[in-house]
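Reviewing the structure listed below.
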Amino acid sequence: MENYSAPENYINRELSWLDFNFRILNEARDKNHPLFERIKFLAITASNLDEFFMVRVASLKNISSMDKKDCAGMTAKEQLEAISKKTHKLVDMQYSTYSRSLMQLLAKDTGVRILSSDELSDKQKKYVTSYFHDEIFPILTPMAVDSSRPFPLIQNKVLNICALVKKSKENNIKGFVTVPVPTICPRVIKLPSEKKDETCFILIEEVIQMFIGELFTSYKIIDSCVYRVMRDADIPIDEDDSEDLLEEIQKNLKERERSQVIRLEVEDDINESLLKILSGELNTKKDDIYFIKGPVDLTFLNKIYSQKGFSKYKYPNYTPQIPKRLQDCDDIFDEIKKGDIYLHHPYNSFKPVTDLVETAANDEKTLAIKQTLYRVSGNSPIIRSLEKAAQNGKSVTVLVELKARFDEQNNIVWAQKLENAGCHVIYGLLGLKTHSKITEIIRREEEGIIKYVHLATGNYNDVTANFYTDMGIFTCRKEYGDDSGAFFNMLSGFCEPKRWNKLIVAPIWLREKTENFIEREIKHAKAGKKARIIAKMNSLVDQEIIEYLYRASQAGVKIDLIVRGICCLRANVPGLSENITVRSITGRYLEHARIYYFYNDGEENIFCASADWMNRNLNKRVEIMFPVEDEEIREEIKHVLDLQLEDTLRASIQDNGIYSKVDLRGRNKIDSQVVLMQEAIEKCTPNAVDTAVTSFVPREKPEEF
């Protein structure tokens, strides 16, 4: 029997994630995209890398002394070494793309220039001088380090400028000073331009460096440098010994501020004495220092992208569509009664979801609203509607997941706000994150109590719904309503139902059911029947599920995987996975929906879910996978899967761990996201005009990695 668990059959999850970030970086290098969109892709690679270091690299550092190996046979120490090597290559490629390609094209094609201090005209110098003294200087906090003033706390992800100084008459005595760049000030400062067709900017750290001598008037500046640190955000929450989860998480957030530095970024030409002081005080090793050949922290490019007047260098505007059934409908509840309603965001608008909750909040027949919230927007209409519902006397129960990483503080604020409005708030479950996306609205109608349910693959976030692809369904099918009620009773009490009708819930039995579905396809294949699995998800990491897929491949099951990010499975390996394809789609929108299809001897099963095939989703989170039963919706979802499997422009195909773009010879040029936009307009707009977008073959060869 094949040893499916052998380390050589797996890709390390961290290196696979870096491959994903390389794929995004290749989109920044792809000349098929509008120029400003390429800039945005580059900014995304920078923000992705920040989170990767704060969570994944930090986690590995915390266990680096352990000899335990991952599924790919690597210890934490070996992973850190491999990550460092690959990340340094990634960073070099980021800045090569920035300086040698994008900045030159920006200046040439759009007139946008990001200037250094020595490139300023007299008019611009005068403007910058005035701006510094009026807007920046009053809020700067210069900090010297000496025997009476210890090295200060350097905040996570905040730009700083350090300098080596000396007394004018004491040439042999040098000192160290540092200045945090105030986050309240804009990073990108627009300058007066000398030419009509030119738009000039300068970065705030460049301005501060120009005038840093004015902060230390008794000293002479020898040299200065911009730097930034990344700190460990993987601090565990002690839920077992905590009497109050809210207080424990607030304590956790404070601890993050002083956690271990796991990455130090410095300008490439940093003075050796400055580097020695920084690395010593911050306790950073050589491999954790990144010498940056350009501006530290490329996320500022998002500010360039948001500048007005450059629409022709961006994707054409797309307006998310309202499904025809919900256009001008008088009563959304009556419409749901007629049959399930399918929404595919951002091709379909998220507004029907927020409208449903708002309507329920003001509806006389509504008795109760129950909802799970994982991540919401900063000015959430969902939160406002839930508050309004409680004020209107409805029973409102909301599970706010306080452990949603990097949204803890926001969720604490929302939870307290909802409680003050009279909602019953649940702060998650002990030892588990609640990652499910479900809303239940209970109404008293003429025929009795009716439960309306919204189930989805993505968060109740009206902002990210504009650029994350997710699916949701409105239904009032009784079996779904009964399961929904049981689900919320399980969250709010100790009531675990003995049976479920339709919903498949983790960590109760989602893993078991998934394995059973794969096993069933294996059984059919061995019996000589057609067997097929299509699975679309964000990440594929779970070793047990991967072993099942390898077994299925060897039994003859045809398996197509659409995995946006991490994939630890090796595809198309003879004798192991030759019946498995893996593709990753990176395009205008972030692929986020989870869809699981099993042929089942012609009795097809189609599920949508909040869960990826990861150990954390199957064992450590409260997740929901729900069957799609409406025949028309099933066909729509199958069409999405088929279309993504035919994508030739935005898809990268994995072959034994190596990703490459589709060979276009003899094939149609298909961007699945563009097609879905076109189709949404045609379905939702009467007499829709042809909105076809011409696609071209990239002229710049993607890097191999």
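For the single chain, residues carry numbers from 1 onward in sequence order.
- Here the side chain of Thr110 pairs a donor or acceptor atom with the backbone of Val112 at under 3.5 angstrom.
- A 4.5 Å side-chain heavy-atom check between Pro295 and Phe300 finds at least one atom pair inside the cut-off.
- Taking 4.5 Å as the limit, every side-chain heavy atom of Leu35 sits out of range of all side-chain heavy atoms of Phe310.
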Legend entry - Check against side-chain contact (heavy atoms from CB on, under 4.5 Å), Ser377 and Thr464: CA-CA 8 Å; Ser377 64; Thr464 58; over 6 Å; no

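- For the pair Asn12 (side chain) and Glu14 (backbone), a donor-acceptor distance under 3.5 Å is present.
- Across all non-hydrogen atoms, the minimal contact from Cys225 to Gln209 is N-NE2, 3.8 Å.
- Ser16 contributes a side-chain N or O that, together with a main-chain N or O of Cys567, makes up a donor-acceptor pair within less than 3.5 Å.
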Inset, instruction - Let me see the working for Tyr460 and Ser380 under side-chain hydrogen bond (donor to acceptor under 3.5 Å, both in side chains), right down to the final yes or no. - result: CA-CA 9 Å; Tyr460 287 105; Ser380 173; over 6 Å; no

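- For His345 and Tyr589, the distance between ring centers is not under 6.0 angstrom.
- Exactly one of Arg650, Lys40, Arg38 qualifies for a side-chain hydrogen bond (donor to acceptor under 3.5 Å, both in side chains) with Glu27. That residue is Arg650.
- To the nearest 0.5 angstrom, Ile270 atom CD1 is 4.5 Å from Leu275 atom CG.
- Stacking of Arg113 on the aromatic ring of Phe201 is not recorded, the 6.0 Å distance cut-off and the 45° axial limit not both being met.
- The shortest distance between side-chain heavy atoms of Val207 and Ile136 falls below 4.5 Å.
- Note: Phe151 and Phe176 meet the aromatic proximity criterion, with ring centroids under 6.0 Å apart.
- One distance of note links CD1 of Ile63 with NZ of Lys77; it measures 14.0 Å at 0.5 Å rounding.
- To the nearest 0.5 Å, atoms SG (Cys162) and CD1 (Ile277) are separated by 8.0 Å.
- When each of Arg228, Lys293, Lys157 is paired with Glu265, the salt bridge (charged side-chain N to carboxylate O under 4.0 Å, His left out) condition holds for Arg228 and for no other.
- Defined by atom type and a distance below 3.5 Å, a donor-acceptor pair is present between the side-chain atoms of Thr45 and Gln94.
- If you take CG on Asp109 and CG on Leu106, they are separated by 8.0 Å, rounding to the nearest 0.5 Å.
- Between Leu115 and Ile202, the closest heavy-atom pair is O-CG1, 3.4 Å.
- Annotation: side chain of Asp288 is not in contact with side chain of Leu264 (no heavy-atom distance under 4.5 Å).
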Legend entry - Check against side-chain contact (heavy atoms from CB on, under 4.5 Å), Leu282 and Ile154: CA-CA 9 Å; Leu282 297 170; Ile154 305 301; 4.2 Å; yes

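- Within the 3.5 Å criterion, the main-chain N or O of Gly657 finds a donor-acceptor partner in the side chain of Gln654.
- We find that Lys196 and Glu198 are not joined by a salt bridge, their nearest charged nitrogen and carboxylate oxygen being 4.0 Å or further apart.
- Under 4.0 Å is where a charged nitrogen must lie from a carboxylate oxygen, and between Lys85 and Asp287 no such pair does.
- Looking at heavy atoms from C-beta onward, Asn302 lies out of side-chain contact with Ile39 at the 4.5 angstrom threshold.
- Shortest non-hydrogen contact noted between Asn617 and Asp612 is CB-O, 3.3 Å.
- The shortest distance between side-chain heavy atoms of Val266 and Ile289 falls below 4.5 Å.
- Cation-pi geometry between Lys314 and Tyr305 is satisfied (NZ or CZ under 6.0 Å from the ring centre, within 45° of the ring normal).
- When all heavy atoms are compared, the tightest approach of Pro180 to Thr141 is CD-O, 3.3 Å.
- Ion pairing between Lys433 and Glu401 fails under the 4.0 Å rule for side-chain N and carboxylate O.
- Within the structure, ring-ring contact (aromatic ring centres under 6.0 Å, His included) contacts touching residues 73-127 (residues at least two apart or in different chains) are His88-Tyr290.
- A donor-acceptor pair under 3.5 Å is absent between the side-chain atoms of Ser96 and the main chain of Met93, judged by distance alone.
- You'll find the side chain of Glu267 stays beyond 4.5 Å of the side chain of Phe291, heavy atoms only.
- Judged by distance alone, the side chain of Ser584 and the main-chain N or O of Arg564 form a donor-acceptor pair under 3.5 Å.
- Of the possible donor and acceptor atoms, none in the side chain of Ser84 sits under 3.5 Å from a partner among the backbone N and O of Glu81.
- Side-chain contact between Val165 and Lys220 is absent, with no heavy-atom pair separated by less than 4.5 Å.
- Considering Leu191, Leu120, Ile189 in turn, Leu191 is the only one that fulfils the side-chain contact (heavy atoms from CB on, under 4.5 Å) rule with Cys200.
- Judged purely by atom type and a 3.5 angstrom limit, Arg23 uses its side chain to pair as donor or acceptor with the backbone of Gly565.
- The two residues Glu205 and Val296 make their nearest non-hydrogen contact at OE2-O, 4.5 Å.
- At least one donor-acceptor pair under 3.5 Å links the side chain of Gln124 to the backbone N or O of Pro192.
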Inset, instruction - Determine, stepwise, if the pair Leu60 / Ile83 fulfils side-chain contact (heavy atoms from CB on, under 4.5 Å). - result: CA-CA 10 Å; Leu60 288 171; Ile83 288 168; 3.5 Å; yes

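- Inspection of the Arg29 and Thr97 side chains reveals an N or O donor paired with an N or O acceptor under 3.5 Å.
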Inset, instruction - List the steps, then state whether side-chain contact (heavy atoms from CB on, under 4.5 Å) holds for Arg263 with Asp50. - result: CA-CA 9 Å; Arg263 184 184 182 204; Asp50 286 353; 3.6 Å; yes

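- Between Glu51 and Arg56 there is no salt bridge, since no side-chain nitrogen of the basic residue lies less than 4.0 Å from a carboxylate oxygen of the acidic one.
- Expressed to the nearest 0.5 Å, how far CD1 of Ile658 lies from CG of Asp19 amounts to 7.0 Å.
- For the atom pair CG of Asn459 and CG of Leu373, the computed distance is 9.0 Å after rounding to the nearest 0.5 Å.
- Of all non-hydrogen atoms in Asp232 and Ile262, the two that sit nearest each other are N-CG1, 4.0 Å.
- Between His33 and Tyr315, the two ring planes are perpendicular [angle over 60°; tilted spans 30° to 60°].
- Remark: Arg149 engages Asp146 in a salt bridge, criterion side-chain N to carboxylate O under 4.0 Å.
- Taking the six-membered ring where the residue is Trp, Trp17 and Phe20 present perpendicular rings, their angle passing 60° and hence far from 30°.
- Glu206 contributes no side-chain N or O that, together with a main-chain N or O of Leu203, makes up a donor-acceptor pair within less than 3.5 Å.
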